[in-house]
Amino acid sequence: MDSRISVNPDKLFEAFLEVEAPVNDETATILKTFPDQCDQDTLKQAPWFCYACRPEKGAVQHFSFVLTDGDGKFRFGYCRYPPDASLCLCFVSALPWFDFFYNILDKVAELRMDGQGELVVPLLKALMNNPMPTAGERLVVIPEGLQSGQAFSFQTPDPQKLSS
């Protein structure tokens with residue numbers, strides 16, 4: 001039987017979403033997407049999974065979910081709630097790289113909290129346009145408009161080693 005994990009995805013992630021917490025019993029609302037044109041199934045399914053249950057308030061929380069595409073392949077959702085749980089940041093990717101995406105989510109949240117939200121889209125563009133990294137290597141990206149000393153660095157997992 002073939003693996004349900006994509007062997008050679010052509011991009012690091014399919015979508016980045018900012019999803020607002022539902023009010024009362026309404027559906028969670030997507031506030032922002034990157035790229036602007038995302039898979040419609042992802043846009044329909046992800047908000048429901050981002051708030052499938054009520055998050056606890058008071059601490060940063062990471063969690064993941066798995067979607068299955070029309071070919072039976074897995075797409076992984078990586079989510080981060082801030083302490084007030086009012087907004088879910090979410091990546092959807094074919095890659096099962098949990099810590100890698102949680103680190104990027106933390107960086108995005110840090111930029112937003114530090115008043116540098118204008119750097120989020122350039123960071124996402126740099127990640128999306130970067131050649132696919134090799135597993136186990138450090139991915140270094142310099143978003144457009146930043147100098148080389150302002151690079152962002154993320155460690156990709158090595159499937160030959162246990163995660164720490």
Side-chain angles (χ1 to χ4, degrees), residues 3-7 9 11-36 38-114 116-117 119-121 123-128 130 132-133 135-136 138-139 141 152-159 161-164:
S3 173
R4 297 188 77 183
I5 295 176
S6 295
V7 178
K11 54 191 167 192
L12 194 58
F13 63 95
E14 294 175 27
F16 171 80
L17 310 170
E18 290 184 12
V19 183
E20 184 177 42
V23 179
N24 301 323
D25 290 332
E26 295 180 19
T27 305
T29 305
I30 296 176
L31 299 177
K32 292 182 185 175
T33 62
F34 181 87
D36 292 332
C38 296
D39 176 70
Q40 290 301 307
D41 286 339
T42 298
L43 296 178
K44 288 177 190 172
Q45 297 172 353
W48 190 87
F49 283 99
C50 288
Y51 286 98
C53 58
R54 295 274 179 213
E56 292 182 24
K57 294 184 178 187
V60 170
Q61 298 172 65
H62 293 108
F63 72 95
S64 62
F65 59 87
V66 178
L67 301 172
T68 306
D69 68 16
D71 296 330
K73 298 289 185 186
F74 290 153
R75 291 181 296 150
F76 300 88
Y78 303 99
C79 299
R80 182 190 191 277
Y81 294 135
D84 68 359
S86 61
L87 181 73
C88 179
L89 302 177
C90 178
F91 276 104
V92 176
S93 174
L95 297 167
W97 292 0
F98 298 85
D99 287 341
F100 176 81
F101 283 103
Y102 292 151
N103 287 329
I104 298 173
L105 286 167
D106 287 342
K107 179 52 71 178
V108 168
E110 179 184 319
L111 291 170
R112 291 170 48 91
M113 286 179 9
D114 290 347
Q116 297 179 306
L119 296 179
V120 171
V121 170
L123 172 59
L124 295 173
K125 283 181 182 177
L127 289 166
M128 180 73 77
N130 199 68
M132 279 297 291
R138 183 160 289 282
L139 173 62
V141 294
F152 295 99
S153 176
F154 306 99
Q155 181 66 44
T156 64
D158 184 344
K161 298 179 181 177
L162 293 173
S163 63
S164 54

Measuring from Phe101:CZ to Cys79:SG, what's the distance to the nearest 0.5 Å? 12.0 Å
Would you say the side chain of Thr29 lies within less than 4.5 Å of the side chain of Tyr51, judging by non-hydrogen atoms? no
Shortest non-hydrogen pair, Leu12 vs Ser93, comes out as O-OG, 2.7 Å
What residues form a side chain to side chain donor-acceptor pair (under 3.5 Å) with Ser86, not counting sequence neighbours? Asp84
Is there side-chain contact between Phe152 and Asn103, with at least one heavy-atom pair below 4.5 Å? no
Is Lys125 atom NZ crowded by more than 12 heavy atoms from other residues, nucleotides or ligands, each under 6.0 Å away? no
Are any non-hydrogen side-chain atoms of Phe76 and Ser64 less than 4.5 angstrom apart? no
For Thr33 and Asp36, work out which heavy atoms get closest and say how close. OG1-O, 3.7 Å
Taking side chain to side chain contact (heavy atoms under 4.5 Å, CB included) as the test, write out the residues that go with Leu87, two or more places apart. Glu18, Leu31, Leu89, Arg112
With sequence neighbours left out, write down each residue that passes side chain to side chain contact (heavy atoms under 4.5 Å, CB included) with Thr27, or none if nothing qualifies. none
Contacts of type side chain to side chain contact (heavy atoms under 4.5 Å, CB included), residue Pro9, not counting sequence neighbours: Ser6, Ala94, Leu95, Met132
Tell me, please, which residues at least two apart from Asp41 pass salt bridge (Lys or Arg N to Asp or Glu O under 4.0 Å). none
Any non-hydrogen side-chain atom of Thr68 less than 4.5 Å from a side-chain atom of Arg4? yes
Going by ring-ring contact (aromatic ring centres under 6.0 Å, His included), name the residues that satisfy it together with Phe13, two or more places apart in sequence or in a different chain. Phe91
Applying side chain to side chain contact (heavy atoms under 4.5 Å, CB included), can you list everything that pairs with Gln155, at least two apart in sequence or on another chain? Arg138
Within the structure provided, determine whether Cys90 and Val92 are in side-chain contact (heavy-atom separation under 4.5 Å). yes
Please determine whether side-chain contact (heavy atoms from CB on, under 4.5 Å) holds for the pair Leu105 and Phe100, giving the CA-CA distance in whole Å, both sets of side-chain angles, and the decisive distance to 0.1 Å. CA-CA 9 Å; Leu105 286 167; Phe100 176 81; over 6 Å; no
Residue pairs passing the salt bridge (Lys or Arg N to Asp or Glu O under 4.0 Å) test where at least one lies in residues 57-70, sequence neighbours excluded: none
Any residue meeting ring-ring contact (aromatic ring centres under 6.0 Å, His included) with Phe154, in chain and number order, not counting sequence neighbours: none
What is the distance from atom CG of Leu124 to atom CD1 of Ile104, rounded to the nearest 0.5 Å? 8.5 Å
Rounded to the nearest 0.5 Å, how far does CD1 of Ile30 lie from SG of Cys50? 8.0 Å
Minimal heavy-atom distance between Trp97 and Tyr78, with the atoms involved, is N-OH, 3.0 Å
Can you measure from CG (Leu67) to CZ (Phe74) and round to the nearest 0.5 angstrom? 10.5 Å
Is a side-chain N or O of Arg80 found less than 3.5 angstrom from the main chain of Gln61, in a donor-acceptor match? no
Value for CD (Glu14) from CE (Met128), rounded to nearest 0.5 Å, stands at 8.5 Å
Distance col, row Leu123:CG vs Leu111:CG, nearest 0.5 angstrom, shows 6.5 Å
Distance-only criterion, 3.5 Å: show the donor-acceptor pairs between side-chain atoms of residues 42-49 and protein atoms not counting sequence neighbours.
residue: Thr42; atom: OG1; partner: Asp39; partner atom: OD2; Å: 3.1
residue: Thr42; atom: OG1; partner: Arg75; partner atom: NH1; Å: 2.4

Applying salt bridge (Lys or Arg N to Asp or Glu O under 4.0 Å) to Lys107 and not counting sequence neighbours gives Glu110
ring-ring contact (aromatic ring centres under 6.0 Å, His included) filter on Phe34, not counting sequence neighbours, yields none
